[in-house]
Engineer: 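Dumping the structure here so I can ask a few things about it.
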Amino acid sequence: MQVRADMALSPSILKKPLDIKFDIDFSLLAGTDRMLGVDISASSIKVVELSRKGRPPHSYRLERYVIEPMPVDALQDGGINQIEQVSECLRRALKRMGARQKKIVMALPLTSVITKKIHVPAGLREDDLEFQVETEANQYVPFALDEVNLDFQVIGPVPGHPEEVEVLLAAARKDKVEDRVATAVSAGLKVMVMDIEQFAAQAVSARAIRQQLPEDGKDKVIALIDIGASVTRINTLLNGESIYMRDLSFGGDQLTQEIQNQFNLSPEEAEIAKRNGTLPENYRHDVLQPFCETVALEVSRALQFFFTSTQYTQVDYIFLSGGCAAIPDLEEIISERTKVTTRIINPFADMELSGRMVPRQLKMDAPVLLTACGLAMRGFDPS
């Protein structure tokens, strides 16, 4: 069956696409025992290889992973600014990783995708449902439909209105999708699914939270805080469903900038020193501690926005992910300021680990690999 590369522009199982855009054979997924998830961010490319075994509920095994630094300005506003540089970075990552698998799952940032929940009559035939969704899309997508890749997913009945179903509509500009596909093809890879970063991260987060909290975290309000290079994303969940999202213009780049200023280093030197832990002794007190306090303050403010914008008055747990999550003492500092139990999320908490894994290093890297892990898991879904 030939379907388009944006077939997974929704969080889970998708219905038949509206049109054919890319030649991607999903029949190849049948029986697939390994998959690569590729997460392209402003600071690095993260690649995770998972294998799967057994019948549902399946068990997963982390085979290998790699984190490859990205050239400065290779991405701009979530889009790929320099395809050849990003493709070369991806080739280096695959070479370091030593993976033979060529089938991958990628994603677009939520900022590059228009999403809208709509209500349509229940019981529509598939063709009629597609027509209804496309008609509704004309109202919400500010571009001609021939300029976008469009997809949808039926979520379920509308509460209190059994005659209607809720549908998640997702649309992305074709050029955004095609840039990522072109990057992968240039690196010798085949894109099987194009998903949405936040949805992939949310799906694996919900799974990880069930492993890390008593009673699977049922009925607990949980704030996922992803601290990226330039953006910190807040996604608040209740029983696995998102109830609030917010982006903050703040991230690890500010720590790198302060390292440059304090120790007279170039951006590249500062990033390498930060990663390798080769900074002077006063780094922790003069730079890292104030940065952690600033992160905690930003998180506290974000929670206040959540309380004033929703019906909820408390958060039960905070889970950290992203490049700054593993900074020593950060979770304790955030917990102290917010008065909320704070933990670092581990997407591999219930997975078997291959003998290649170095547990200490994986513990540090795991929160950075959240989206890549979710994407690799998404690739095993043949729908």
Engineer: Taking 4.0 angstrom as the limit, do Arg207 and Asp350 come out as a salt bridge?
Structural biologist: yes

Engineer: About how many Å separate CD of Glu164 and CD1 of Ile118, when rounded to the nearest 0.5 Å?
Structural biologist: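 Going from the CD1 atom of Ile118 to the CD atom of Glu164 covers 10.5 Å.
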
Engineer: Evaluate side-chain contact (heavy atoms from CB on, under 4.5 Å) for Phe263 paired with Val287, printing each intermediate quantity in order.
Structural biologist: CA-CA 10 Å; Phe263 304 112; Val287 178; 4.1 Å; yes

Engineer: Please determine whether side-chain contact (heavy atoms from CB on, under 4.5 Å) holds for the pair Ser44 and Glu68, giving the CA-CA distance in whole Å, both sets of side-chain angles, and the decisive distance to 0.1 Å.
Structural biologist: CA-CA 5 Å; Ser44 62; Glu68 182 69 23; 5.9 Å; no

Engineer: To the nearest 0.5 Å, what is the distance between CG (Leu369) and CG (Leu62)?
Structural biologist: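 Going from the CG atom of Leu369 to the CG atom of Leu62 covers 8.0 Å.
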
Engineer: For Leu320 versus Pro367, what's the shortest heavy-atom pair and its separation?
Structural biologist: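 Scanning both residues, the minimum pair turns out to be O-CB, 4.1 Å.
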
Engineer: Can you tell me if Asp253 and Ser230 form a side-chain donor-acceptor pair at under 3.5 Å?
Structural biologist: no

Engineer: Please tell me whether Tyr60 and Phe380 form a close aromatic pair, meaning their ring centres lie under 6.0 Å apart.
Structural biologist: yes

Engineer: Return the CD to CD distance between Glu84 and Gln82, rounded to the nearest 0.5 Å.
Structural biologist: 10.5 Å

Engineer: For Asn264, is the CG atom crowded, meaning more than 12 foreign heavy atoms sit under 6.0 Å from it?
Structural biologist: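 Check fails, neighbour count at 12 or below.
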
Engineer: To the nearest 0.5 Å, what is the distance between CG on Asp226 and OG1 on Thr371?
Structural biologist: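 That separation rounds to 6.0 Å.
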
Engineer: Run Asn261 and Gln257 through side-chain hydrogen bond (donor to acceptor under 3.5 Å, both in side chains) and show every step you take.
Structural biologist: CA-CA 6 Å; Asn261 297 340; Gln257 182 64 54; 3.1 Å; yes

Engineer: When rounded to the nearest 0.5 angstrom, what is the spacing between NZ in Lys117 and CD1 in Ile155?
Structural biologist: 4.5 Å

Engineer: Return the minimal non-hydrogen interatomic distance between Ser205 and Leu370, and the atom names on each side.
Structural biologist: OG-CD2, 3.3 Å

Engineer: Taking all heavy atoms of Arg180 and all of Ala107, pick out the closest pair and write down the distance.
Structural biologist: NE-O, 2.8 Å

Engineer: With side-chain contact (heavy atoms from CB on, under 4.5 Å) as the criterion, how do Thr342 and Phe319 come out once you've worked through the C-alpha distance, each side chain's angles and the decisive distance to 0.1 Å?
Structural biologist: CA-CA 6 Å; Thr342 302; Phe319 277 87; over 6 Å; no

Engineer: Would you please test Arg337 and Glu298 for salt bridge (Lys or Arg N to Asp or Glu O under 4.0 Å) and show each step?
Structural biologist: CA-CA 10 Å; Arg337 176 171 281 276; Glu298 293 290 341; over 6 Å; no

Engineer: Same hydrophobic cluster for Val221 and Phe305, using side-chain heavy-atom links shorter than 4.5 Å among ILVMFWY?
Structural biologist: yes

Engineer: Answer yes or no: are there more than 12 heavy-atom neighbours, outside Gln139 itself, under 6.0 Å from its atom CD?
Structural biologist: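 Result for CD/Gln139: enclosed.
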
Engineer: Please tell me if the side chains of Val141 and Val148 come closer than 4.5 Å, counting only heavy atoms from C-beta onward.
Structural biologist: yes

Engineer: Quick check: closest heavy atoms across Ala296 and Ile333, and the distance to 0.1 Å?
Structural biologist: CB-CG2, 3.8 Å

Engineer: Could you tell me if the side chain of Thr115 sits less than 4.5 Å from the side chain of Leu110, heavy atoms only?
Structural biologist: yes

Engineer: Between His119 and Val165, is any pair of side-chain heavy atoms under 4.5 Å apart?
Structural biologist: no

Engineer: Pairing donors with acceptors under 3.5 angstrom, does anything connect the side chains of Gln254 and Glu258?
Structural biologist: no

Engineer: Decide side-chain contact (heavy atoms from CB on, under 4.5 Å) for Met35 and Lys103; before the verdict, give the C-alpha distance in whole Å, the side-chain angles of both, and the deciding distance to 0.1 Å.
Structural biologist: CA-CA 6 Å; Met35 186 63 62; Lys103 291 177 285 188; 4.1 Å; yes

Engineer: Which residue pairs satisfy the side-chain hydrogen bond (donor to acceptor under 3.5 Å, both in side chains) criterion with at least one member in residues 278-292, sequence neighbours excluded?
Structural biologist: Asn282-Asp286, Gln289-Glu293

Engineer: Ignoring hydrogens, what is the shortest heavy-atom contact between Asp179 and Thr183? Give both atom names and the distance.
Structural biologist: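 That closest heavy-atom pairing would be O-OG1, 2.8 Å.
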
Engineer: Go through the steps to decide whether Arg343 and Glu331 satisfy the test salt bridge (Lys or Arg N to Asp or Glu O under 4.0 Å), and finish with yes or no.
Structural biologist: CA-CA 6 Å; Arg343 299 180 180 179; Glu331 59 183 308; over 6 Å; no

Engineer: State, with a plain yes or no, whether a side-chain heavy atom of Thr310 is found less than 4.5 Å away from one of Ile243.
Structural biologist: no

Engineer: Please determine whether side-chain hydrogen bond (donor to acceptor under 3.5 Å, both in side chains) holds for the pair Gln314 and Asp316, giving the CA-CA distance in whole Å, both sets of side-chain angles, and the decisive distance to 0.1 Å.
Structural biologist: CA-CA 6 Å; Gln314 73 174 46; Asp316 298 293; 2.6 Å; yes

Engineer: Hey, would you say the Tyr244 and Phe307 ring centroids sit under 6.0 Å apart?
Structural biologist: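 That pair fails the under 6.0 Å test.
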
Engineer: Report yes or no: do Ile234 and Ile334 belong to one cluster of Ile/Leu/Val/Met/Phe/Trp/Tyr joined by side chain heavy-atom distances under 4.5 Å?
Structural biologist: yes

Engineer: Please answer: with hydrophobic residues joined when any side-chain heavy atoms are less than 4.5 Å apart, are Leu108 and Met245 in the same cluster?
Structural biologist: yes

Engineer: Just wondering, do Thr338 and Val299 contact through their side chains at under 4.5 Å, heavy atoms?
Structural biologist: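 The answer is yes, as the side chains (C-beta and beyond) meet within the 4.5 Å cut-off.
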
Engineer: Taking all atoms of both residues into account, what is the closest heavy-atom pair of Ala93 and Val47, and its distance?
Structural biologist: CB-CG2, 4.3 Å

Engineer: Going only through I, L, V, M, F, W and Y residues with side-chain contacts under 4.5 Å, is there a path from Leu94 to Ile104?
Structural biologist: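 Linked within one cluster.
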
Engineer: Can you check whether Ile114 reaches Leu169 side chain to side chain, under 4.5 Å on heavy atoms?
Structural biologist: no

Engineer: Determine, for Lys274 against Glu271, whether the closest basic-nitrogen to carboxylate-oxygen distance falls under 4.0 angstrom.
Structural biologist: yes

Engineer: Report the distance from atom CG of Asp216 to atom CD1 of Ile209, rounding to the nearest 0.5 Å.
Structural biologist: 10.5 Å

Engineer: Hey, quick one: are Val105 and Val368 part of the same hydrophobic cluster, counting side-chain heavy atoms closer than 4.5 Å, chains of contacts allowed?
Structural biologist: yes

Engineer: Could you give me the CA-CA distance, side-chain angles and deciding distance for Glu147 and Lys174, then say whether salt bridge (Lys or Arg N to Asp or Glu O under 4.0 Å) is met?
Structural biologist: CA-CA 6 Å; Glu147 296 177 6; Lys174 286 182 179 179; over 6 Å; no

Engineer: Side-chain contact test, heavy atoms from C-beta onward, threshold under 4.5 Å: evaluate it for Asp39 versus Ile45 and give yes or no.
Structural biologist: no

Engineer: Check this for me, if you would: do Glu63 and Arg356 make a salt bridge, where the nitrogen-to-carboxylate-oxygen distance has to be below 4.0 angstrom?
Structural biologist: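 A salt bridge is present here (some side-chain N lies under 4.0 Å from a carboxylate O).
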
